[in-house]
**Student:** 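This is the structure, below, for whatever I ask next.
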Amino acid sequence: KVTLTESGGGSVQAGGSLRLSCVSSINPRSNHCMGWFRQTPGQGREGVAVLYTENGRLINTDYAGSVKGRFTIHRDVDENTVYLEMDRLEPEDSATYYCAAAYTFYMCGLVDSDFDYWGQGTQVTVAS
């Protein structure tokens, strides 16, 4: 079982920045995906950003079109932490953000069915 613990959410004005962190117990030297998803009340989970690593090497990243150029997913292997850097935040980015993980031998999509483990979520609120 993999445990994921998010932090870094909060409230910010439109145009501001936040960094979300996800401390993971997944084997950092394995083949796996890590991802960030978000959800608003009454809506399904939306894929925001994912990354795929093989034997600890970063292979690929992907982003939702709505965040491309504003959000960056990256990781610290030594700290086994994945980050989501969010810049130029918009009110539409307000949501509960979830970290996700999966052991896999291929790049994951921005779909929750590709992931097996989930964090508890952290709230992001962007005021206009």
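Scope of the values below: all heavy atoms of this structure, side chains included, with no hydrogens, waters or symmetry mates.
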**Student:** Ignoring hydrogens and angles, tell me if any N or O in the side chain of Asn31 forms a donor-acceptor pair with the backbone of Asn55 under 3.5 Å.
**Tutor:** yes
**Student:** So if you build clusters from Ile, Leu, Val, Met, Phe, Trp, Tyr with side-chain heavy-atom gaps below 4.5 Å, do Phe115 and Val111 land together?
**Tutor:** no
**Student:** Look up atom CD in Glu54 and atom CZ in Arg29, then write down how far apart they are to the nearest 0.5 Å.
**Tutor:** 14.5 Å
**Student:** Could you verify whether a donor N or O on one side chain and an acceptor N or O on the other, from Thr81 and Asp76, lie under 3.5 Å apart?
**Tutor:**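 No, no side-chain donor-acceptor pair sits under 3.5 Å.
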**Student:** Could you walk me through whether Met107 and Ile59 pass the side chain to side chain contact (heavy atoms under 4.5 Å, CB included) check?
**Tutor:** CA-CA 8 Å; Met107 175 63 173; Ile59 301 299; over 6 Å; no
**Student:** Validate the cation-pi geometry between Arg45 and Tyr98: distance from NZ or CZ to the six-membered ring centre under 6.0 Å, angle to the ring axis within 45°.
**Tutor:**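 Yes; both conditions hold, so Arg45 lies above the ring face of Tyr98.
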**Student:** Would Thr96 and Gln123 count as having a side-chain donor-acceptor pair, cut-off 3.5 Å?
**Tutor:**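 Judged by distance alone, the side chains do pair up.
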**Student:** Can you name the closest pair of heavy atoms from Arg38 and Ser66 and give their distance?
**Tutor:** NH2-OG, 3.4 Å
**Student:** Quiz question: by atom type and distance under 3.5 Å, do the side chains of Thr125 and Ser94 form a donor-acceptor pair?
**Tutor:**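 Thr125 vs Ser94: no donor-acceptor pair found between side chains.
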**Student:** Judged by modelled atom types alone, do His32 and Thr53 share a side-chain donor-acceptor pair under 3.5 Å?
**Tutor:**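 Yes, Thr53 and His32 have a side-chain donor paired with an acceptor closer than 3.5 Å.
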**Student:** Have Gln39 and Glu46 got a donor and an acceptor in their side chains that come within less than 3.5 Å?
**Tutor:**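 There is no such pair (donor and acceptor under 3.5 Å, judged by atom type) between the side chains of Gln39 and Glu46.
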**Student:** My understanding is that a hydrophobic cluster links ILVMFWY residues whose side chain heavy atoms are under 4.5 Å apart, including indirect links. Using that, what else belongs to the cluster containing Leu18?
**Tutor:**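 The other cluster members (ILVMFWY side chains, heavy atoms under 4.5 Å, direct or chained) are Val2, Leu4, Val12, Leu20, Ile26, Met34, Trp36, Val48, Leu51, Leu58, Tyr63, Val67, Phe71, Ile73, Val82, Leu84, Met86, Leu89, Tyr97, Tyr103, Tyr117, Val124, Val126.
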